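Here is the structure we will look at.
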Amino acid sequence: MKFLLSRVLSTTLFTIVFSVPSQAQALLSNEAKINTIISQMTLEEKVDMLHGKHMFSSAGVERLGIADIEYADGPFGIREEMEPNSWKSLNLATDSATFFPTGSALAATWSPEMAYAYGRGMGIEARLRGKDMILGPAINIQRIPTGGRTYEYFSEDPLLSGFLAVAYTKGCQETGTAACLKHYALNNQENYRGFVDVRISPRAMNEIYLKPFEMAVLEGDAWGVMAAYNKVDGKWCSDNEMLLTDVLRKRWGFPGIVISDWGGVHATSAVVAGMNVEMPGNRFMGKALLDSVKAGVISDAVIDQRVRELLRVRLLVQPIPAEKANKEMTAKPEQLKTAYEVAKRSIVLLKNDGVLPLNLKRVKKIAVIGDNARCKQALGGVGAGVKTLREVTPLEGIREAIGNGAEVIWAQGYPSYGAQERFKRVSPQMAPDRKLLAEAVKIARKADVVIFVAGDNREIETEGSDRVSIKMPQGQNEVAKALAAANKNLVTVIVAGGPLELETVRDASKALLISWFNGSEGGTALGDVLTGKVSPSGKLPFTFPIKLKDSPAYATGSYPQQLKGSDQQGDIFVGLVNREKNDRSQELIAPYAEELLVGYRWFTTKKLPVAYPFGHGLSYATFEYSNLTATPNAEGIRVEFDLKNNSSIDAEEVAQVYVSREQSALERPALELKGFQRVALGKGEQKRVSILLRRNDMKDWNAAIENWQLEAGQVEVHVGSSSADLRLSQTCTIN
Ligand code: BGC
């Protein structure tokens, strides 16, 4: 194993010799100083560091000049300032931040460069606010289409998630702000996230679910990790030696800190398993921990080791004195620009019968229909949101892009779904509102083009509970059909963070786009794509199934969503108090029965149809792929091909490389993503694209030897524009 701690660890936790990747050396550069600090600390001072001081801070040691650690949500904008011990806003005038496109939007760019700029922007704004660590990126794999936090997470694919996580982490940490990878690990559902007990094979765990974390630790050099709420193999993630010590610290050589999710510690023994900070309270790692050490149940060496890891981060991240924080507005134009650059690359064109881009010579009257056209998405639902100065709505963005070129009229079309409805547990699957519908149809009839802005919002997709369905909410299917009957030029824009059932709107619409929860400049980017200033280039980071029941965790019945005898769909506020006493995890086992076949791996292996495949996304340009070579070398497989923009418009394309291994001795998914690249091509331009399928990413997890292993033999390399649009193939042999 590469990054193995020396055996010394098990006997004396104090003198550790790491064999770690060079980037992590930064964290290890103050060991001598740390020895001195620890030798001067009392036990009380040490324990004081190991739990929350306030809702978003943990203590330092004032006497020794060690500052508190200040944390901030993350992951898609720096959260506003709250009272020290509540979730109540301080209503400051300076804490409005840039609202970055949420995780699934960033993932749809398939661009590590964009993820780097995004992380950097988050890091810069965190520093202005005096924050040391952002609680992000959020990188769990999207296992179920209904997952409440799908909008925060990246992808159903580990490599796409991993590359983005590495770049985000680097971008953030290069500004001096620590990143905190969350939620480690296997937090793939929100319903009962506080109890659900995941059972999974080591191979699926390592190849699919841990891979993004492994990459972000080893290649991104993340300084922080947040333990998830759920259980794995019968043990809370916060108290899970296998995850926190064996994998994270020993195998990956992680030298940084593990903090709990809020209220996610359930026993003092968490500190032994590898937990550094219980957040936000001190129920288990405060007095109880002090007593345990004094009674000799927990050793001083364990405490010293956890304090050492904390100090590594504390000494590396420059503290910002309170009087210097929050002195100027958090949001800066530079970050707004990044938010725009991400948003414009994230929009996915699913279908286009030629109606887009809008031809403003012919289109003189545009009907924009939909509550979502004016809805803002920075806040809403449970969990982190962003107080922001600027969020361009779809309607505003369309108006801005059209200018005086055409008349734009708006109608709501379908009823709103807000916080009140969520609190009252009103299903978003409501009937259409006849009055709103009639008004929309009337406007649609008179227009040259209708832009129907549909989809979810942040009340429907929320932390703390999964969606019950992926059907279009608020009677939107009926609205789409009525609009199509009134006007054949229907363009539908889906605002959402996760998949929806699109059959009805697809059939009703001439063009269909996904524009995500797309941040401060989401509307601007949408306007630019609709009018052709920008050619769409986003690609789906997850499959859109035809029906929910087709998707792997539903098809295998291995997503436990309902607790017997309870009408609760989720655990909205995770039961911070006495969750241990109410632990019903035995009734909530999630056997990850689909194994490796998550997302497109399932559909391609089982040869099942989907609505829109992983990696799908059209352009206004057409691209030609040719002249593929796939050459194995010491680093992996070097894949090269020509990519030509055959159109008269500048455009970007995300070229994707998948492999299959027909002669493998192992059971494998039919297709696996092993490389990708976003390529910018001027009109008519051709480039030779070169992508390395890295040797490490070609390896499989061998449970018997608890390590990665490369299976030598034949590999079929496929290059294309999506997982279902493979244009070139070539076979080669790796050793
Ligand atoms: C979420 C975390 C978040 C924390 C603090 C928890 O409910 O799961 O992602 O960072 O709250 O807001």
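Predicted, not measured: the structure shown is a model, and the values here were computed from it. Both counts, for ligands and for their atoms, begin at 1 and track the order of listing.
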Taking only residues two or more places apart in sequence or in another chain, which ones pass salt bridge (charged side-chain N to carboxylate O under 4.0 Å, His left out) with E156?
none
Hits for salt bridge (charged side-chain N to carboxylate O under 4.0 Å, His left out) against E391, two or more places apart or cross-chain, chain-then-number order -> none
Give the intermediate values and the outcome of side chain to side chain contact (heavy atoms under 4.5 Å, CB included) for residues V277 and Y71.
CA-CA 12 Å; V277 190; Y71 308 88; 3.8 Å; yes
May I ask whether H183 places a heavy atom under 4.0 Å from ligand 1?
yes
Determine whether any heavy atom of M279 lies closer than 4.0 Å to an atom of ligand 1.
no
Using a 6.0 Å cut-off, check whether atom CD of E323 has over 12 heavy atoms from anything other than its own residue.
yes
Taking everything shown except K88 itself, do over 12 heavy atoms lie less than 6.0 Å from its NZ?
no
Evaluating non-hydrogen atoms only, which member of D261, N187, L135 is closest to atom 4 (C) of ligand 1?
D261
Could you list the atoms of ligand 1 found under 4.0 angstrom from a heavy atom of [X]?
| X | result |
| --- | --- |
| F56 | 5 (C), 12 (O) |
| Y229 | 6 (C), 7 (O), 8 (O) |
| K182 | 2 (C), 3 (C), 9 (O), 10 (O) |
| M226 | 10 (O) |
| R79 | 12 (O) |

Could you tell me whether [X] approaches ligand 1 through its side chain, its backbone, both or neither, with non-hydrogen atoms closer than 4.0 Å?
| X | value |
| --- | --- |
| M55 | neither |
| W87 | side chain |
| R149 | side chain |

Determine the interplanar angle of the W87 and F56 rings, folded into 0 to 90°, and report it as parallel if under 30°, tilted if 30 to 60°, perpendicular if over 60°.
perpendicular
Side-chain ion pair, D197 and K231, N-O less than 4.0 Å:
no
Hey, are E594 and R143 close enough for a salt bridge, meaning a charged N less than 4.0 Å from a carboxylate O?
yes
